[in-house]
S.K.: 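Structure in structure tokens, see below.
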Amino acid sequence: MLCLGIETSCDETSCAVVADGRRILSNVIASQVSSHAVYGGVVPELASRLHISIIVPILKESLFEAGVSLREIDLVGVTSGPGLIGSLLVGVEFAKALAYALGKPLVPVHHVAAHLYAPFLLEKESGATTQEFDYPYLGLVVSGGHSSLVYVHDPLHYEVIGRTLDDAAGEAFDKVAKLLGLGYPGGPIIDRLSHEWNAGYINFPRPGVRSEDCDLSFSGLKTAVVRYVREKTKGERPLDAEEQKHIAASFQTAVIDTLLTKSERAIVMTGAGRVAIVGGVACNMGLRDEARRRLDGITFHIPSPILCTDNAAMVAGLAWHVYHAGSLTRHSFSDGARIATLTLNADANLPIV
Ligand code: KG4
Ligand code: ZN
């Protein structure tokens, strides 16, 4: 069964074709980063307009790469939230029109749940890498909008162990990079600088690591960096390149330590034997290395970077499971055309069943 996935929740326009919920036939992603970089962050209105202008060519490319025609698609899955409301609207309306025209079912997919499905996808060129991974598992979701710890029972059942209290990990990376004058998006830039820097570091706080819970908060750490920079420069001079690297690497070390300390606590609390890290921040080389070191002894997986950042393959894969589980109630389909009545929700919680 071929599922077409559509993802437009933020600043990536993506269409993918996935066979039987696992095998990626194509996963085409158009990033808008260069258009937003001049503004130092994502401009929602601009993001929506760019999705509109590029979504048809991205669909065509994804079908071409998969070697299938639109008529061969059996199912359409689309991210329905959470995300930027205007961006979501473009993908959802596009998916609805497609599903209606093809007479195929449409499945709304939760964005964070889709990230948590990434460990199960088989990539075209290296199909064997993820076959070992299984449910249940503890997922650390670290993206621009979320840093949460979720116990994933199966593709449809989630238990939130730790919540995003304020700034998400990716958001903190982006804001700190902006403060240091490094550009946008901050995560990959700080990651690169941190790798270059191997001297001692500033001991920034690890927010909330002493509390008993697994919730994640990064706004305090961001404020600590702001204070440090103010003190250092007295507001009278820019930071030099060495100072930028030093602060970036120290900030990254604090984020990684916080994420892994909370993950270790969640492992103890849940007794999880498997862990995966997903979302854009899971691309971080320092986090990948340190997680491998600290989580030694348990089955552990981080998807390849292309499946960590926003992509439609994870949406198509999860849509297949949702469809087959029949968890779309009759009520959620309009008569005859089998089109789901989608509720757009920019702040939707995970679908805990
Ligand atoms: O999952 P994602 O593509 O979109 C959301 O759902 O938010 O994550 C985007 C976030 C951005 O904040 C970006 O700075 C961060 O992921 N990111 C990274 C790295 N690559 C992307 N953060 C740290 N290190 C990286 N290498
Ligand atoms: Zn995402």
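This chain uses plain numbering: 1 for the first residue, then up along the sequence. For clarity, every value in this text was computed on a predicted model and none was experimentally measured. Atoms within each ligand, like the ligands themselves, are counted from 1 in listed order.
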S.K.: Could you tell me which atoms of ligand 1, counted from 1 in the order shown, lie closer than 4.0 angstrom to a heavy atom of Cys283?
M.R.: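 Those of ligand 1 that fall under 4.0 Å from Cys283 are 20 (N), 26 (N).
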S.K.: Near Ser143, which atoms of ligand 1 are under 4.0 Å from a heavy atom of that residue?
M.R.: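 Answer for ligand 1: 1 (O), 5 (C), 6 (O), 7 (O), 8 (O).
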S.K.: Side chain or backbone, does Met285 bring an N or O within less than 3.5 Å of an N or O on ligand 1?
M.R.: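 The answer is no, given that Met285 and ligand 1 share no N or O pair closer than 3.5 Å.
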S.K.: Please say whether Gly279 places an N or O atom under 3.5 Å from an N or O atom belonging to ligand 1.
M.R.: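 No: no nitrogen or oxygen of Gly279 is under 3.5 Å from one in ligand 1.
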S.K.: Give the single entry among Cys308, Gly187, Ala282 that approaches atom 18 (C) of ligand 1 most closely by any heavy atom.
M.R.: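 Answer by nearest heavy atom: Gly187.
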S.K.: Honestly curious: do Val90 and Leu98 fall in one hydrophobic cluster under the side-chain, below-4.5 Å linking rule?
M.R.: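 No, Val90 and Leu98 fall in different hydrophobic clusters.
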S.K.: State the CG-CD1 distance between Leu287 and Ile302, to the nearest 0.5 angstrom.
M.R.: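 It is 5.5 Å, given to the nearest 0.5 Å.
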S.K.: Measure centre to centre between the rings of Tyr151 and Tyr158, then say whether the value is under 6.0 Å.
M.R.: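 Ring centres of Tyr158 and Tyr151 not closer than 6.0 Å.
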S.K.: Report yes if some N/O of Phe173 lies less than 3.5 Å from some N/O of ligand 1; otherwise report no.
M.R.: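 By distance alone, the answer is no.
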S.K.: Please name the atom of Asp310, restricted to N, O or S, that is closest to the Zn ion (ligand 2).
M.R.: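 This residue's closest N, O or S atom turns out to be OD1.
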S.K.: Run the salt-bridge test on Lys60 and Glu65 with the 4.0 Å N-O cut-off and return the result as yes or no.
M.R.: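 No, no charged N to carboxylate O under 4.0 Å.
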S.K.: Taking atom CZ of Arg227 as the centre, report whether more than 12 heavy atoms of other residues, nucleotides or ligands fall under 6.0 Å from it.
M.R.: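 No, CZ of Arg227 has 12 or fewer neighbouring heavy atoms, counting only those of other groups under 6.0 Å.
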S.K.: Heavy-atom contact under 4.0 Å between His115 and ligand 1?
M.R.: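 Distance cut 4.0 Å: His115 passes for ligand 1.
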S.K.: So if I count the atoms of ligand 1 from 1 in the order they appear, which ones are less than 4.0 Å from some heavy atom of Asp174?
M.R.: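 The atoms of ligand 1 under 4.0 Å from a heavy atom of Asp174 are 11 (C), 12 (O), 13 (C), 14 (O).
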S.K.: Looking at OG of Ser147 and CG of Asp215, how far apart are the two atoms once the value is rounded to the nearest 0.5 Å?
M.R.: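 Nearest 0.5 Å value for the OG-CG distance: 10.0 Å.
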S.K.: Which of the numbered atoms in ligand 1 are under 4.0 angstrom from any heavy atom belonging to Gly170?
M.R.: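 Per the distance check, 12 (O).
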S.K.: Note the single closest protein heavy atom to atom 24 (N) of ligand 1, along with its residue, its atom name and the distance in Å.
M.R.: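 Answer, as residue, atom name and distance: Asn284 ND2, 3.0 Å.
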S.K.: May I ask you to decide whether Lys245 forms a salt bridge with Asp240, counting only side-chain N to carboxylate O separations under 4.0 Å?
M.R.: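 No, this pair does not count.
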S.K.: Name the orientation class of the two ring planes belonging to His111 and His115 (parallel below 30°, tilted from 30 to 60°, perpendicular beyond 60°).
M.R.: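 Perpendicular, since the angle between the ring planes exceeds 60°.
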S.K.: With heavy-atom distances below 4.0 Å as the criterion, list the atoms of ligand 1 near His111.
M.R.: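 Those qualifying, in numeric order: 6 (O).
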S.K.: Look at atom 3 (O) of ligand 1 and say which protein heavy atom is nearest, naming residue and atom and giving the distance to 0.1 Å.
M.R.: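 The answer is Asp310 N, 3.0 Å.
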S.K.: Considering the heavy atoms of Gly144, write down every atom of ligand 1 situated less than 4.0 Å from one of them.
M.R.: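 Listed by number with element, the hits are 5 (C), 7 (O), 8 (O), 9 (C), 10 (C), 12 (O).
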S.K.: Check the pair Ser304, Glu123 against side-chain hydrogen bond (donor to acceptor under 3.5 Å, both in side chains), reporting the backbone distance first and the verdict last.
M.R.: CA-CA 9 Å; Ser304 65; Glu123 291 178 77; 2.8 Å; yes
S.K.: Give a yes/no answer: is there an N/O/S atom of His146 under 2.8 Å from the Zn ion (ligand 2)?
M.R.: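 Coordinating: no.
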S.K.: Is it the case that atom OH in Tyr135 sees more than 12 heavy atoms from other parts of the structure closer than 6.0 Å?
M.R.: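 Yes - once you tally the heavy atoms of other residues, nucleotides and ligands closer than 6.0 Å, there are more than 12.
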S.K.: Please assess Ser9 against Glu7 for the test side-chain hydrogen bond (donor to acceptor under 3.5 Å, both in side chains), listing each intermediate value before the final yes or no.
M.R.: CA-CA 6 Å; Ser9 66; Glu7 157 64 41; 2.6 Å; yes
S.K.: Starting from atom 26 (N) of ligand 1, which protein heavy atom do you reach first, and at what distance in Å?
M.R.: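 Closest protein heavy atom to atom 26 (N) of ligand 1: Asp191 OD2, 3.0 Å.
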S.K.: Check each atom of ligand 1 against the heavy atoms of Thr309 and keep those under 4.0 Å away; list them by number with element.
M.R.: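 Going through ligand 1 atom by atom, the ones under 4.0 Å from Thr309 are 3 (O).
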S.K.: When rounded to the nearest 0.5 angstrom, what distance separates CG in Leu307 from OH in Tyr117?
M.R.: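 It comes to 11.5 Å.
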S.K.: Any N or O on Gly280 sitting closer than 3.5 Å to an N or O of ligand 1?
M.R.: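 Yes, at least one N or O pair falls under 3.5 Å.
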S.K.: How about Phe133 and Phe120: are their ring centroids closer than 6.0 Å?
M.R.: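 So the answer is yes for these two rings.
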S.K.: Below 4.0 Å from ligand 1: does a non-hydrogen atom of Arg192 turn up there or not?
M.R.: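 In this structure, Arg192 fails to qualify as a contact of ligand 1 - no heavy atom is under 4.0 Å.
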S.K.: Say whether Gly145 and ligand 1 are in contact under the criterion: heavy-atom distance to a ligand atom below 4.0 Å.
M.R.: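 It does, in that a heavy atom of Gly145 comes within the 4.0 Å cut-off of ligand 1.
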S.K.: Just checking: Cys10, one of its N/O/S atoms, less than 2.8 Å away from the Zn ion (ligand 2), yes or no?
M.R.: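 Given the 2.8 Å cut-off, Cys10 does not count as a ligand of the Zn ion (ligand 2).
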